[in-house]
Protein chains: 2
Amino acid sequence: MRLNQNEFLPSCAVCAKATHSFFSILDKENLEELNLNKSCTTFKKGQVIFSENALPLGLFCVSNGKIKLSTSGPDGKEQILRLVKGGDIIGYRSLLSNDRYHCNAIALEDSNICIVDKSYFMNLAMRNNKLCFALFKKISDDLKTAEDHIVSLSQKNVRERVAEALLFLKATYGYEKDGQTINVQLSREEIADFVGTSTESTIRLLSEFNTSKIIELVGKKIKIINYDKLSKTANLSY
Amino acid sequence: MRLNQNEFLPSCAVCAKATHSFFSILDKENLEELNLNKSCTTFKKGQVIFSENALPLGLFCVSNGKIKLSTSGPDGKEQILRLVKGGDIIGYRSLLSNDRYHCNAIALEDSNICIVDKSYFMNLAMRNNKLCFALFKKISDDLKTAEDHIVSLSQKNVRERVAEALLFLKATYGYEKDGQTINVQLSREEIADFVGTSTESTIRLLSEFNTSKIIELVGKKIKIINYDKLSKTANLSY
DNA sequence: CGGTTTTTTGACGCAAATCAATCACAGTGG
DNA sequence: CCACTGTGATTGATTTGCGTCAAAAAACCG
């Protein structure tokens, strides 16, 4: 039978096994229960999943796809705060602190996303210590990442930050099958909005890295040719 | 009787009532239990409470005093990440994510600090939903603050950021009895290390604000004379 | 007090933002 | 199928905010 309304209807158990997802820590029983308390949707590239100041109705679990979390600064300029991949959860900060969203979540490519009922999820988190710990771990890691970003923005120049951003993209999304193309497509402006610089500076530095054979630009795709040199350019502190 | 070894020996119940502390959410019973699982120390100004890469042995609860959490960047320059006051807890991120510290905690003034046993605390957090929620709330707020900081660093100029930092100091530590002196003493360098700029730029901007009657500099103390103008200068997005 | 640290002021140069124009392209419709 | 249009990418020219260096002044301290 063909489903028209909702062609994307995975089971949590299957999903947790296939991708190494946030919910992989749950046992079979809990996954089946979770399965009954979710609904699934597909978001097209560019679609808004949730927006700043809205109230959270549930937890979003990205089955597959790529998402950016961004906010707009004092003069309306976009700032990309987090980048999300399949298996990740989003919207959990607002849920846990009983707050409104302070980010926009926008699909970077077509993405399948499940929404877990808010009160069910909160209840589950409170009675399942493993899940509770995983949430603490998740939010702690996000805090660590954010604070690393602060140090970069404070202390590094744009060249170092652009190099660092490429390493970050690689670390988050990995390579394509060829083993050197970063597996995500961002516009130059999006890279700039993540790095905290202008689009023009980003372009100039990317083409400089291209010229010096550190990376290779193939359309919008970026290949990392010399990872070590890129690391050195990024002036990492870790 | 006079205590020589440890003159600072408060009861958690008294502390929770006096200052509005993180543990104020606990009931009497739990506070008494907590009281039995802590030890207290005084840290002199400048003393290190814990340092980067060390393993957490417990949760620090600041009874009174002021603390900076900082890390050192790629070239060894200090970056102040969080500012902490009496009633706050510190070191909880590493505890919750079972990680090493990634900050240094240093006393900005003489501070009384209690250390709660690690496994006792983790256990308490897991069986007390209220505490668990409070921890989620706490870490969520820290993440929100960090992400706001990212937006500032990315999109604001130094003037705006210095103004914002003064507002932040006021929001965190409040005023002294006179109702306009910010109740914390930081060196110009420390302000710079928080704002993400050079000491000289910080000094120049502070004296500019002083000249234009937005603030008043009295030694190291800073008075806010014109709060509205300071807010406008900070170009807040919230 | 003498010595050290912190703060302040001044001069200078550069990294990076801004402004402006062109190029490349992907859709779209006639 | 090709001109048309809009969007993103690129390159160049110009300006400037801010970091850096240097030195004086003030504050701190044993």
Side-chain angles (χ1 to χ4, degrees), chain A residues 44-46 68 73-80 106 108-109 151-166 184-212 215-222 233-235, chain B residues 44-46 68 73-80 108-109 152-166 184-212 215-222 233-235:
Chain A
K44 292 271 162 200
K45 177 176 178 172
K68 64 173 173 182
D75 306 316
K77 189 176 150 63
E78 179 176 28
Q79 175 67 43
I80 296 184
I106 297 169
L108 290 170
E109 55 181 53
V151 177
S152 289
L153 286 163
S154 282
Q155 306 197 5
K156 291 186 176 182
N157 61 33
V158 178
R159 171 176 290 101
E160 292 167 332
R161 298 212 304 275
V162 171
E164 195 179 36
L166 296 180
V184 64
Q185 290 236 14
L186 294 174
S187 70
R188 308 291 147 147
E189 192 180 2
E190 283 171 326
I191 297 175
D193 289 343
F194 179 69
V195 168
T197 185
S198 66
T199 308
E200 294 93 326
S201 292
T202 303
I203 288 169
R204 273 183 248 270
L205 286 163
L206 287 180
S207 70
E208 184 198 308
F209 295 165
N210 185 47
T211 307
S212 56
I215 63 170
E216 195 182 314
L217 299 171
V218 187
K220 280 200 177 187
K221 295 268 179 181
I222 300 171
T233 309
N235 188 19
Chain B
K44 292 273 164 199
K45 177 176 175 169
K68 65 173 173 182
D75 307 316
K77 188 175 152 64
E78 180 177 27
Q79 175 68 43
I80 296 185
L108 289 170
E109 57 182 51
S152 289
L153 287 163
S154 281
Q155 306 198 3
K156 290 185 176 182
N157 60 34
V158 177
R159 171 176 291 100
E160 293 167 331
R161 298 212 305 274
V162 170
E164 193 180 37
L166 296 180
V184 65
Q185 291 235 15
L186 295 174
S187 69
R188 308 291 149 154
E189 192 181 1
E190 283 171 325
I191 298 176
D193 289 343
F194 179 69
V195 169
T197 185
S198 66
T199 308
E200 295 93 326
S201 292
T202 302
I203 288 168
R204 273 183 248 269
L205 286 162
L206 287 179
S207 70
E208 184 198 309
F209 296 165
N210 185 48
T211 306
S212 54
I215 63 171
E216 196 181 314
L217 299 171
V218 187
K220 279 201 180 189
K221 294 267 179 181
I222 300 171
T233 309
N235 187 19

Tell me whether the OP1 or OP2 atom of [N] has a side-chain N or O from [X] closer than 4.0 Å.
| X | N | value |
| --- | --- | --- |
| A:Arg204 | D:dT10 | no |
| B:Thr197 | D:dG19 | yes |
| B:Lys220 | C:dT6 | no |

Using the side-chain heavy atoms of [X], tell me which of these nucleotides is nearest: [options].
| X | options | result |
| --- | --- | --- |
| B:Ser207 | D:dG8, C:dT9, D:dG17 | C:dT9 |
| B:Val158 | D:dT11, C:dA17, D:dG19 | D:dG19 |
| A:Ser201 | C:dA16, C:dT8, D:dT10 | C:dA16 |

Within this structure, what is the [atom1]-to-[atom2] distance between [X] and [N], rounded to whole angstrom?
| X | N | atom1 | atom2 | value |
| --- | --- | --- | --- | --- |
| A:Lys77 | C:dT18 | NZ | P | 8 Å |
| A:Glu189 | D:dT10 | CD | P | 13 Å |
| B:Leu205 | D:dG19 | CG | P | 9 Å |
| A:Leu206 | C:dA16 | CG | P | 14 Å |
| B:Leu217 | D:dA26 | CG | C1' | 14 Å |
| A:Glu208 | C:dA15 | CD | P | 11 Å |
| B:Ile203 | C:dT5 | CD1 | P | 17 Å |
| A:Asn210 | D:dT11 | CG | P | 9 Å |

Would you please test B:Gln79 and A:Ser154 for side chain to side chain donor-acceptor pair (under 3.5 Å) and show each step? CA-CA 8 Å; B:Gln79 175 68 43; A:Ser154 282; 2.9 Å; yes
Considering the options A:Ile191, A:Val184, A:Leu186, which one meets the side-chain contact (heavy atoms from CB on, under 4.5 Å) requirement together with A:Ile222?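 In the set A:Ile191, A:Val184, A:Leu186, the residue that makes a side-chain contact (heavy atoms from CB on, under 4.5 Å) with A:Ile222 is A:Ile191.
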Indicate yes or no for a side-chain donor-acceptor contact from B:Arg188 to the backbone of B:Glu200 under 3.5 Å, with no hydrogens or angles considered.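 No; zero donor-acceptor contacts below 3.5 Å.
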Check every strand shown and say whether A:Ser198 touches a base, only sugar-phosphate, or nothing at a heavy-atom separation below 4.0 Å.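 Base contact.
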Reckon A:Thr199 touches a base, only the sugar-phosphate, or nothing at all at heavy-atom distances under 4.0 Å?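 Answer is nothing: A:Thr199 stays at 4.0 Å or more from every strand.
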Would you mind checking if B:Lys68 and B:Glu78 are paired as a salt bridge, meaning a charged N to carboxylate O distance below 4.0 Å?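 Salt bridge flag = yes for B:Lys68 with B:Glu78.
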A:Glu164 with A:Arg159: basic N within carboxylate O range, under 4.0 Å: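 Looking at A:Arg159 together with A:Glu164, the answer is no, because their closest N to O distance does not fall below 4.0 Å.
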Please evaluate the base of D:dC21 for a donor-acceptor partner in the side chain of B:Glu200 within a cut-off of under 3.5 Å?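 Between D:dC21 and B:Glu200, which were checked side chain against base, a qualifying N/O pair under 3.5 Å is present.
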Report the end-to-end axis angle of the helix from C:dC1-D:dG30 to C:dG30-D:dC1; each axis comes from five terminal pairs, and the value is rounded to 10°.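 Inter-axis angle at the termini of the helix from C:dC1-D:dG30 to C:dG30-D:dC1: 40°.
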What do you reckon, is CD of A:Gln185 surrounded by more than 12 foreign heavy atoms closer than 6.0 Å?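 Yes, because the 6.0 Å sphere around CD of A:Gln185 holds more than 12 heavy atoms from other groups.
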With a 6.0 Å cut-off (strictly less than), is the heavy-atom count around NZ of A:Lys45, excluding the residue itself, greater than 12?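 For A:Lys45, atom NZ is not crowded (no more than 12 foreign heavy atoms under 6.0 Å).
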